[in-house]
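The block underneath contains the structure these notes are about, expressed in structure tokens.
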Amino acid sequence: MSTLELCEKYFGTRDVYKLMSLKKSASEKEVKKAYHKLSLLVHPDRVPDEQKEESTEKFKVLSKLYQVLTDTQKRALYDEQGIIDDDDDAESKLSSWLDLWSKIFKPITEEEINTYEKEYIGSELECSDIKKAYLGGKGCINYMMNHVPFMKVEDEPRIQKLVQGWIAAGEVPEHKIFTEEPAAKRKKRHQKYARESKEAKVIKERIDRRKKEKDEQDLEASGGDLQQMILARRNKRESNFTSMMDRLMEKYAGVDDDDEVDFSALGKNCKKKKSAKKPAHKSPAKKLHGVKNGRVEKGKN
């Protein structure tokens, strides 16, 4: 299936801008923000196991759409003819999309998440998301739980009141599944939420315990001196860097003496810059290796 067919299958529309709630004139920054918001909801690492297969496909579709909207030529083709080029088979690999996602968005700390949650709850954005989820799920609260960030069972009374107000004002239609939700369905959701909360708490405690044990081991190794522990960690990082440079030196020890190997961008392919050719006959000289400005240079006495 084509990208647009998959988009319609998983999201119910072939309109990329409508899916991401964007105007056609949206800037790249706005596209990035919309993509981040949607991709968080379907990221394969952020959903239950039973949803992973479908979530993976949704994630790939969103990532493809993001690439289209951030590429001038691909976006122009879609805007003018409603076409998305699906010729690049390599782009269908999930690992490629996950790599792209991790490069676009920096790791988020727990503190940043908590700060954003406080700003989000009760905001206009949350109200908009609740309304969209209510309409999209036709009143199904389970659907809303999966589509509104940070929504918990504790929020249900507040959200019930909010939606009831919209119904009374005629802003949204009444769905009996919301206003008259069966008690058995609500109980099942609450039990699942309680179980998942307990599991999350256990996992967090385990992670915190391991981190504390690691800190205690490092502190003990430094003789109980916090400053020495920090210094030891810094020295370890520097030692790792030196070892890496030694391996690089060994790897490239056989290159031509007239070559200069550029290691200024670690993790990328090394670039070799050829200097002007020297006379063919010259007496051998002792070689010296040095590191300057991020480059490994090979010189002569």
Side-chain angles (χ1 to χ4, degrees), residues 10-13 16-23 26-48 51 55 58-59 61-63 65-66 69-70 98 100-169 171-172 175 178-179 181 186 189-190 192-201 203-204 207-208:
Y10 291 115
F11 299 103
T13 181
V16 177
Y17 294 105
K18 180 180 178 181
L19 170 62
M20 294 194 172
S21 300
L22 293 170
K23 296 180 180 179
S27 65
E28 186 170 331
K29 183 178 179 180
E30 291 172 323
V31 171
K32 179 179 177 181
K33 183 178 180 180
Y35 167 61
H36 184 245
K37 179 181 174 182
L38 284 174
S39 62
L40 279 176
L41 296 175
V42 300
H43 195 290
D45 294 338
R46 296 168 179 260
V47 298
Q51 298 178 18
S55 180
K58 288 182 176 180
F59 184 81
V61 172
L62 286 177
S63 299
L65 297 179
Y66 170 79
L69 293 184
T70 53
L98 290 175
L100 172 66
W101 199 88
S102 62
K103 288 175 183 177
I104 295 173
F105 307 112
K106 68 174 184 177
I108 302 175
T109 65
E110 185 177 353
E111 183 181 355
E112 288 173 326
I113 293 174
N114 292 336
T115 299
Y116 178 72
E117 181 179 4
K118 290 177 182 178
E119 295 174 351
Y120 177 80
I121 300 300
S123 67
E124 291 184 9
L125 178 58
E126 187 203 29
C127 289
S128 175
D129 289 341
I130 292 171
K131 186 176 290 186
K132 287 179 183 177
Y134 174 80
L135 294 171
K138 296 182 178 180
C140 177
I141 298 179
N142 290 344
Y143 178 92
M144 296 173 69
M145 291 278 289
N146 289 327
H147 288 77
V148 178
F150 306 112
M151 181 175 169
K152 302 181 287 293
V153 294
E154 294 88 348
D155 297 316
E156 289 180 18
R158 176 175 65 88
I159 291 174
Q160 284 273 0
K161 184 177 180 180
L162 195 61
V163 175
Q164 290 283 7
W166 293 335
I167 294 173
E171 295 182 31
V172 297
H175 293 294
F178 181 88
T179 56
E181 184 185 36
R186 181 167 56 255
R189 179 175 64 254
H190 287 202
K192 179 183 177 183
Y193 176 80
R195 184 172 62 253
E196 290 177 349
S197 296
K198 185 176 180 181
E199 291 172 353
K201 183 179 179 181
I203 292 173
K204 187 177 186 304
I207 292 173
D208 291 342

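Quick note: numbers below take in every heavy atom, side chains included, and nothing from hydrogens, waters or symmetry partners. These numbers come from a predicted model, not from an experiment.
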Interatomic distance, H175 atom NE2 to L135 atom CG [nearest 0.5 angstrom]: 6.0 Å

Residue pair Y120 / V148, side-chain heavy-atom distance below 4.5 Å: yes

Interatomic spacing from OH in Y66 to NE2 in H36 - rounded to 0.5 Å: 11.0 Å

F178: ring pair (Phe, Tyr, Trp, His ring centres under 6.0 Å) partners, not counting sequence neighbours: Y134

Over 12 foreign heavy atoms within 6.0 Å of CD, E117: yes

Candidates K198, K152, E154 - the one meeting side-chain hydrogen bond (donor to acceptor under 3.5 Å, both in side chains) with Y193: E154

Straight-line distance of N146 CG to N142 CG, nearest 0.5 Å: 7.5 Å

Minimum side-chain heavy-atom gap Y35-L65 below 4.5 Å: no

Side chain to side chain, R189 and E181, heavy atoms closer than 4.5 Å: yes

Interatomic distance, K58 atom NZ to L41 atom CG [nearest 0.5 angstrom]: 9.5 Å

Steps toward side chain to side chain contact (heavy atoms under 4.5 Å, CB included) verdict (F150, D155): CA-CA 9 Å; F150 306 112; D155 297 316; 5.8 Å; no

Student check: side-chain heavy atoms of I141 and I159 closer than 4.5 Å: no

L69 side chain near M20 side chain, heavy-atom distance below 4.5 Å: yes

Neighbour count above 12 (heavy atom, 6.0 Å) for E111 CD: no

Pairwise side-chain contact, M145 with V153, heavy-atom cut-off 4.5 Å (strictly under): yes

Q160 side-chain N/O to E156 backbone N/O, donor-acceptor pair under 3.5 Å: no

Check: F59 main-chain N/O paired with S63 side-chain donor or acceptor under 3.5 Å: yes

T70 side chain reached by K32 side chain, heavy atoms, under 4.5 Å: no

Derivation of the side chain to side chain contact (heavy atoms under 4.5 Å, CB included) call for K23 and Y17: CA-CA 6 Å; K23 296 180 180 179; Y17 294 105; over 6 Å; no

Nearest-0.5 Å distance, NZ of residue K132 to OG of residue S21: 3.0 Å

Candidate pair H147 and D129, rule side chain to side chain contact (heavy atoms under 4.5 Å, CB included), full reasoning: CA-CA 8 Å; H147 288 77; D129 289 341; over 6 Å; no

Heavy-atom side-chain contact between L162 and E126 under 4.5 Å: no

